[in-house]
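I have placed the structure first, in the form of C-alpha cells, so that the comments after it can refer back to it.
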Amino acid sequence: MKKYTSLSLIQKDLKAGSVTCTELVDYYLTNIDSKKHLNAFLEVYDKEARQKALEVDQKVKNGTAGKLAGMVVALKDVLCHTDHGLQASSNILEGFKSQFNGTAVQRLIDEDAIIIGRNNCDEFAMGSSNENSAFGPVLNDADNERVPGGSSGGSAVAVQADMCLVSLGSDTGGSVRQPAAFCGILGLKPTYSRISRHGLIAYGSSFDCIGIFSKNIEDMAITLEVIAGKDDFDSTVSTQPVEAYSKAKFDPSKKIKVAYIRETLETEGISKEIRSKTQEALEKLKADGHTIEAVDFPILEYLLPTYYILTTAEASSNLSRFDGVKYGFRSPNTSDLESMYKKTRTEGFGEEVKRRIMLGTFVLSASYYDAYYTKAQKVRRIIREQTKDILSKYDFIIMPTTPTTAFKLGEHSEDPLEMYLADLFTVQSSVSGLPAISVPNGVDSGGLPIGLQIMADDFQEDKLLAFSDYLINLN
C-alpha cells in the first residue's frame, strides 16, 4: 500500500474505494511491528483498531462517516482511554486501567478516528529526552543512537516513523514542540485552556496542554478543530468559540510584522547551524516583503528558573495522590501505614520524578514559599506581560525551537541542568500560556532535523496555523 501523507488524500481514496480503513490499519500495524526497536509504543490495540476500521469502512459506504474517518491516531500514555492501560510510563500505576475517556480522546472517537495504541513517554511527562520512562528510552528514527526529545518522545516518533498519521501528546514546557523539532515533524501547543484537560494526568496544572503531532498543517488543523472547545468536565477550559482552523488561509499579499528575540540567537550554547537556519527562514520572509525586526527580551534568563519552580511545586501537589492506597502499585515491603506510603512512593517513582517532587515540596515549604514560589508567580506575570507587549506590536514571534539538534542517549543523564536547558526556548510560551508551534526547518550537517518555533497571541491558532503552512511552503 502507498504511504499517505495527509488525511485529505486518505479520504479521497476511501471515497473512491481504492483503499479501506482496514488496509490502513494493517499498514500502520506492520510499521509498528517492524520498528519495535524504537520503543515508541507501550501497548498496541491491534484487534480493536481492526474492528473499528471495519465499522468506519461501513460508515464510509453509508455516507455517515465522521470528519476524521481514515485518521489513525496514537495517544501519549497520560491520556485516559476507557478500559485501556494508563501508566504515565511509571511503575507506580502498574496494572491501572482508565475508567473513562478523556474529552479530547472521546471527541476523536466521535469523529471516527481510529486509536491504534498508547505511546511511551518520560515518566509523568517529566523530561526532555524520553529516557526517564520506566519502560526504557524511545529511539529517534533519524538516528537510533539519539533521543527523540521529551516528554512526548514516543508520540513524536510514532508520527516520524509512519506508525500513525497523527498523535496526541502533552506539552507543559515544550514536551510537544521539542520532540517535534528533534524528529523533523510538526508539533503544536495551543493556548492554555483551548483544549480540555479532562482525562489528562496532571503534571503542572496551570501549564499542561494537550498538543498535536502531525506531518502537515492540514491534519493538525482538523484535529484541533475536533478536540478544542468548552467542556463541562473542565472548569479551566475556555468557552471561546472554536475557529474553523482547517479553512484558515494566509494571504501572502498582506504583509505582516514578525519579531525575533535577539537573545535567542546570541545565547551561549545555541548551535551555529540552528542559528544559521533560523536566520535563513527570517531572510526568506523578509525577501517576500514582510517586516522582520529584532526585539530584546532581557528576562530570558529567568524563564527556566520560573518554569521549574512553579511546575515542580504543582507536581509535588498533583503527585501526592499516588500513594498505593486506592490504585496502582503498592510496595510489598511494608509494616504499617507510614511505611506503605514511603516505600510505595520510593519504589514506584523514578529518579527524575522524585527529584521534582522534592524540589516542589521545598519551594512550597513554609520557610521558602515567599522566597521562591510567590516570587516566581510574580515573575511569571511579568514574562506574560512582556511577551504580550511584543505581540501587540507584531503578528508573530519566531525563534529556534531548541538550542541543539537531538543529542545522544545518555549524553545529559548525569547533569539534570544540562537536560533542562533543552527547554530554553520552549518555556516562554508555556509560562505565558500562549500558542506556539514547531515546524521543520531543514537538517544539520549530520542529517538531524532542526525546528523553527512560531508563537502567536492568545487564541490565534487559526492565524498561527495558516502562517506556519505558508512559511513551510515558502521557497
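Only heavy atoms go into these numbers, but all of them, side chains included; no hydrogens, no water, no symmetry mates. For this chain, numbers begin at 1 and follow the sequence in order.
Summarising the geometry, atom OG belonging to Ser214 is positioned 3.5 Å from atom CE belonging to Met220; distances are rounded to the nearest 0.5 Å. Taken from NE2 in His84 to OG in Ser98, the straight-line distance is 9.5 Å, to the nearest 0.5 Å. One distance of note links NZ of Lys375 with NZ of Lys378; it measures 8.0 Å at 0.5 Å rounding. Taking CZ of Phe349 as the start and CG of Asn132 as the end, the distance is 13.5 Å to the nearest 0.5 Å. Residue Lys255 holds its NZ atom at 12.5 Å from CG of Asp395, rounded to the nearest 0.5 Å. A distance of 12.0 Å separates OG1 of Thr267 from CE of Met399, quoted to the nearest 0.5 Å.
Checked against a 6.0 Å centroid threshold, the rings of Tyr307 and Tyr420 do not count as neighbours. Ring centroid separation for the pair His290 and Phe396 does not come in under the 6.0 Å cut-off. For His198 and Phe100, the gap between ring centers is short of 6.0 Å. Here Phe124 and Tyr203 keep their ring centres 6.0 angstrom or further from each other.
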Evaluate the ring pair (Phe, Tyr, Trp, His ring centres under 6.0 Å) criterion for residues Phe207 and Tyr192: first the C-alpha distance (whole Å), next the side-chain angles of each, then the deciding distance (0.1 Å), finally the verdict.
CA-CA 7 Å; Phe207 292 80; Tyr192 179 79; 8.1 Å; no
Should Arg107 and Glu111 be marked as a salt bridge (Lys or Arg N to Asp or Glu O under 4.0 Å) after you check the CA-CA gap, both sets of side-chain angles, and the distance that decides it?
CA-CA 6 Å; Arg107 288 177 180 173; Glu111 290 294 343; over 6 Å; no
Given the rule in the salt bridge (Lys or Arg N to Asp or Glu O under 4.0 Å) test, do Lys215 and Asp219 qualify, once you have shown the distances and angles that lead to the verdict?
CA-CA 8 Å; Lys215 288 183 176 172; Asp219 291 352; over 6 Å; no
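A salt bridge links Arg118 with Asp77: at least one charged nitrogen is closer than 4.0 Å to a carboxylate oxygen. Ion pairing between Arg381 and Glu385 holds under the 4.0 Å rule for side-chain N and carboxylate O. Ionic pairing of Lys342 and Glu338 is present here: one or more N-O contacts between side-chain nitrogen and carboxylate oxygen are shorter than 4.0 angstrom.
Thr361 pairs by the side-chain hydrogen bond (donor to acceptor under 3.5 Å, both in side chains) definition with Ser316, not counting sequence neighbours. Take Arg384 and apply the side chain to side chain contact (heavy atoms under 4.5 Å, CB included) test, not counting sequence neighbours, and it matches Lys388, Ser432, Leu434, Asp458. Among residues two or more places apart in sequence or in another chain, the ring pair (Phe, Tyr, Trp, His ring centres under 6.0 Å) test is passed with Phe41 by none. Ala134 pairs by the side chain to side chain contact (heavy atoms under 4.5 Å, CB included) definition with Asn91, not counting sequence neighbours. For Arg275, the side chain to side chain contact (heavy atoms under 4.5 Å, CB included) partners two or more places apart in sequence, or in a different chain, are Leu265, Ile270, Lys272, Gln279. Residues forming a side chain to side chain contact (heavy atoms under 4.5 Å, CB included) with Ala156 (at least two apart in sequence, or on another chain): Pro179, Cys183, Ile185, Phe213. Here Thr236 pairs with Arg197, Asp234 under the side-chain hydrogen bond (donor to acceptor under 3.5 Å, both in side chains) rule; sequence neighbours left out. In this view, Phe329 satisfies the ring pair (Phe, Tyr, Trp, His ring centres under 6.0 Å) rule with no residue, not counting sequence neighbours. Contacts of Tyr373 classified as ring pair (Phe, Tyr, Trp, His ring centres under 6.0 Å), with partners at least two apart in sequence or in another chain: Tyr369. Residues satisfying the side-chain hydrogen bond (donor to acceptor under 3.5 Å, both in side chains) test with Gln460, not counting sequence neighbours, are none.
Seen from the ring of Tyr394, Lys257 counts as a face-on cation partner, given the 6.0 Å and 45° thresholds.
Annotation: salt bridge (charged side-chain N to carboxylate O under 4.0 Å, His left out) contacts involving residues 307-331, sequence neighbours excluded, are absent. For residues 137-146, the set of pairs meeting the salt bridge (charged side-chain N to carboxylate O under 4.0 Å, His left out) definition, not counting sequence neighbours, comprises Lys35-Asp141, Asp143-Arg146.
In this structure, the side chains of Tyr260 and Ile397 stay at 4.5 Å or more apart for every pair of heavy atoms. Lys247 has its side chain out of reach of Tyr245: every pair of non-hydrogen atoms, C-beta onward, lies at least 4.5 Å apart. When side chains are defined from C-beta on, Ile274 does not count as touching Asn441, because their heavy atoms never get closer than 4.5 Å.
A pairwise comparison of heavy atoms in Thr426 and Thr401 identifies CG2-O, 3.4 Å as the closest pair. Across every non-hydrogen atom of Asn130 and Gly154, the tightest pair is OD1-N, 3.0 Å.
The backbone N or O of Val431 lies less than 3.5 Å from a partner atom in the side chain of Arg380, making a donor-acceptor pair. For the pair Asp423 (side chain) and Val427 (backbone), a donor-acceptor distance under 3.5 Å is absent. The backbone N or O of Ile217 sits nowhere less than 3.5 Å from a side-chain atom of Asp469 that would complete a donor-acceptor pair. The closest donor-acceptor contact from the side chain of Thr402 to the backbone of Thr404 lies under 3.5 Å. Using modelled atom types, no side-chain atom of Thr344 and backbone atom of Tyr341 make a donor-acceptor pair closer than 3.5 Å. A side-chain donor-acceptor contact under 3.5 Å links Gln178 to the backbone of Ser128. A donor-acceptor contact shorter than 3.5 Å is absent between the side chain of Asp296 and the backbone of Arg262.
Under a cut-off of 6.0 angstrom, the local environment of CD in Glu280 is crowded, with over 12 non-hydrogen atoms contributed by other residues, nucleotides or ligands. Within a 6.0 Å radius of OH in Tyr372, no more than 12 heavy atoms belonging to other residues, nucleotides or ligands are found. Surrounding CG of Asn333 are more than 12 heavy atoms belonging to other residues, nucleotides or ligands, all under 6.0 Å away.
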